[in-house]
Amino acid sequence: MTNEFTAIVEPAEEGGFWAFCLEVPGANGQGDTIEETVENLREGIEFMLAYLREERSAEVSPAAERRVVTIPG
């Protein structure tokens, strides 16, 4: 399964670039090149999704049913 996210990449005042993801608040990245910045953002997105999944899973009732939701592209 492939997920697509929107990366907003901007030049950083101190040089290089910084980026954030519209769909995943808290995920960001920075780097000397756009490619490095986007790769760091990808890692940030993976981290935030894993963190949120773990944190929210602790709140789930044992009686809750889990389902996978697929959003077509």
Side-chain angles (χ1 to χ4, degrees):
M1 176 175 21
T2 300
N3 294 297
E4 293 183 348
F5 299 94
T6 307
I8 305 298
V9 182
E10 297 188 46
E13 288 183 23
E14 62 278 1
F17 299 89
W18 72 279
F20 65 95
C21 178
L22 294 177
E23 297 87 0
V24 184
N28 56 64
Q30 63 184 35
D32 293 328
T33 66
I34 291 177
E35 292 76 16
E36 179 182 18
T37 302
V38 171
E39 175 60 22
N40 287 335
L41 175 60
R42 185 191 61 74
E43 292 171 1
I45 292 168
E46 287 179 339
F47 173 81
M48 285 303 297
L49 291 176
Y51 170 78
L52 292 170
R53 187 174 292 119
E54 182 178 319
E55 287 293 306
R56 297 299 306 266
S57 290
E59 302 169 7
V60 175
S61 158
E65 182 176 327
R66 291 181 185 256
R67 298 273 181 119
V68 174
V69 176
T70 304
I71 300 170

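We're numbering straight along the sequence, starting at 1.
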Under the salt bridge (Lys or Arg N to Asp or Glu O under 4.0 Å) rule, collect the residues that match up with [X], sequence neighbours excluded.
X	result
Glu54	none
Glu46	Arg42
Arg53	none
Glu23	none

Check whether more than 12 heavy atoms from other residues, nucleotides or ligands sit under 6.0 Å from atom CD of Glu13, and answer yes or no.
->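 No, the 6.0 Å shell around CD holds no more than 12 heavy atoms from other groups.
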Within a reach of under 6.0 Å around OH of Tyr51, are more than 12 heavy atoms found that belong to other residues, nucleotides or ligands?
->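 Counting other residues, nucleotides and ligands, OH of Tyr51 stays at 12 neighbours or fewer.
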Can you list the residues that meet the side chain to side chain contact (heavy atoms under 4.5 Å, CB included) rule with Glu36, with sequence neighbours excluded?
->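 Partners of Glu36 under the side chain to side chain contact (heavy atoms under 4.5 Å, CB included) test: Asp32, Thr33, Asn40.
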Between [X] and [Y], what is the shortest heavy-atom contact and its length?
X	Y	value
Leu41	Ala7	CD2-CB, 3.4 Å
Ala19	Thr37	CB-CG2, 3.6 Å
Leu49	Phe5	CD1-CZ, 3.9 Å

Phe20: what forms a ring pair (Phe, Tyr, Trp, His ring centres under 6.0 Å) with it, not counting sequence neighbours?
->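 Counting only residues at least two positions away or on another chain, Phe20 forms a ring pair (Phe, Tyr, Trp, His ring centres under 6.0 Å) with Trp18.
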Sequence neighbours excluded - side chain to side chain donor-acceptor pair (under 3.5 Å) pairs with any residue from residues 56-68 =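 Residue pairs with at least one partner in residues 56-68: Arg56-Glu59, Glu65-Arg67.
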What's the verdict on side-chain contact (heavy atoms from CB on, under 4.5 Å) for Glu35 and Glu39, showing C-alpha distance, side-chain angles and the deciding distance?
-> CA-CA 6 Å; Glu35 292 76 16; Glu39 175 60 22; over 6 Å; no
